[in-house]
There are 2 protein chains.
Amino acid sequence: MISAIDQQDVKKERILEAAHHRFLHYGYSKTTMNEIAGDLSMSKALLYYYFPDKSQLYVAVMKKVAAEYLKSLSDKINTFADLKEAFIFQIDTQHDFIVTNYNFFDFFRLNEQNLPDVIWEIVDEVHNSEAQLLVSAIKTEVARGKIKPVANPEEIVALLLDALHGVRAKSVSHKKTMFPNKEHLAEIRAKRLLLADIFIKGLMY
Amino acid sequence: MISAIDQQDVKKERILEAAHHRFLHYGYSKTTMNEIAGDLSMSKALLYYYFPDKSQLYVAVMKKVAAEYLKSLSDKINTFADLKEAFIFQIDTQHDFIVTNYNFFDFFRLNEQNLPDVIWEIVDEVHNSEAQLLVSAIKTEVARGKIKPVANPEEIVALLLDALHGVRAKSVSHKKTMFPNKEHLAEIRAKRLLLADIFIKGLMY
DNA sequence: AAATTGATAATTTTGTTAAAAAAGTCAGGA
DNA sequence: TCCTGACTTTTTTAACAAAATTATCAATTT
């Protein structure tokens, strides 16, 4: 027999999927609770039975999305042949993650300031996992004697992540913020890899 | 005898100063032509006699400000003992420049997109001068045999400038965008110097 | 003629309010 | 316990008037 709790979870999961779909395609502000309910052929009131309000539904979706991302990181941690490979993985994985979920994150860009703390906790968790992956890769590389012992790997990784974040396509530096196209994405990726490369050399003996 | 043209230039200069003062303290949108005229005890109509409109007055002020900055760069170019010194100079000079003119640039932050092309031309000019300074420093360092020959110094410099731009104070990564205080500024500077340091090592033999 | 101004026109921003849309609640039914 | 339709409350949008600001110009002074 299937317990009531399980049933609830299944339904919650369906709601999360429908919500994710809407948020991903139309963004937070352009999807209504009615539409989500409509997609599921259920009443809007039922959504409120399962989730306290719209923003917490969004956060729940976000947690799911983040969990998948975190899994893709933890699956790979400590499996890299060298430091460079770890950086490449980080750069590419994060890149894909942001591109696939671009519209979903309009909520961020819209509110920018004064986002609920829960959101920042998730963001921090993701940041920390990314950092951990690289910190671990650095430590391994040090242990292998490939690079100089690093006094504070956490600091170094945070610095490089910030630096990578600053790298943008030259061609869109001004001009209308068109959604970066394929070429731009490739350009950004190439630059980041180059930066990581120089950075790694800077850590060597 | 003082020519009419000279007189005009003198008056234009006075207007630019008054405008700069207002823009710097209250930003573009919060200063009115009436206020600038009032500061100079002249009629608003006279401002329009000397400058076609508000935005072009702003651009004129900006050109003046940029010219000063460019001068401080050209005064120092090719005077550095080593590459690191050049980077430190770039980081500190740009930092001071942005901090002193913070409010003046609210025009940028407000319009963000669709700024007039003239503005971008000035920004580009400044960027190029900063890059030139560092490119020149790199070439000198290569000539001195301190670092490996760099195939494309322009590219490398552009990359590092982007990277430095991405470096922010950890403590304000989320939270309300309060104006970064003294501590934050110091933190950012320290991080940038560290990044430049590692970067330079990455360019060495 | 060049420099200046007060008065005025044109445009943009701000404030107000009503209507529409969306979020959120609840009593009651299966 | 799960679910809904009808309802209330809050937020967004639209329309429009009032106020502020930009911009112009005919007239005046130097």
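A note on names: the letters A, B, ... follow the listed sequences, proteins ahead of strands, and every chain is numbered from 1. The analysis underlying the following values was restricted to heavy atoms, covering all of them including side chains, and did not include hydrogens, waters or symmetry mates.
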B/Glu154 and its side chain to side chain contact (heavy atoms under 4.5 Å, CB included) partner, picked from B/Ile138, B/Asn128, B/Val135: B/Val135

Spacing of B/Arg14 atom CZ relative to C/dA3 atom P, expressed in whole Å: 15 Å

Check: A/Tyr102 and A/Leu24 side chains under 4.5 Å, non-hydrogen atoms: no

Flag side-chain contact, heavy atom, 4.5 Å: B/Met42 against B/Lys11: yes

Side chain of A/Asp53 (C-beta onward), nearest among C/dA3, C/dG24, D/dT4: C/dG24

Nearest-angstrom distance from the residue atom NZ of A/Lys54 to C1' of C/dT25: 17 Å

Length of the line joining B/Asn34:CG and C/dT5:C1', which is rounded to integer Å: 13 Å

Nearest-angstrom distance from the residue atom CG of B/Leu57 to P of D/dT21: 16 Å

A/Thr32, nearest nucleotide to its side chain (from C/dA22, D/dC3, C/dT25): C/dA22

Donor-acceptor pair between A/Asn34 and A/Thr32 side chains, under 3.5 angstrom: no

Rounded distance (Å) that lies between atom P of D/dT9 and atom OH of A/Tyr48: 16 Å

From C/dT5, D/dG5, D/dT22, nucleotide with atom closest to B/Met42 side chain: C/dT5

Rounded distance in Å - CG (A/Leu46) to C1' (C/dG24): 14 Å

Between B/Phe87 and B/Phe80, ring centroids under 6.0 Å: no

Between P of D/dA27 and OH of B/Tyr49, the distance in whole Å: 18 Å

Interatomic distance, B/Met33 CE vs C/dT12 P [rounded to whole Å]: 15 Å

Nucleotide nearest B/Tyr50 when distance is taken to its side chain, options C/dT5, C/dG24, C/dA3: C/dA3

Distance-only donor-acceptor test, A/Lys44 side-chain atoms vs C/dA23 base atoms, 3.5 Å: yes

Sugar-phosphate only, base, or nothing, as touched by A/Thr31 at under 4.0 Å among non-hydrogen atoms: sugar-phosphate

Proximity to the side chain of A/Ala45 - top-ranked nucleotide from D/dC3, C/dT25, C/dT5: C/dT25

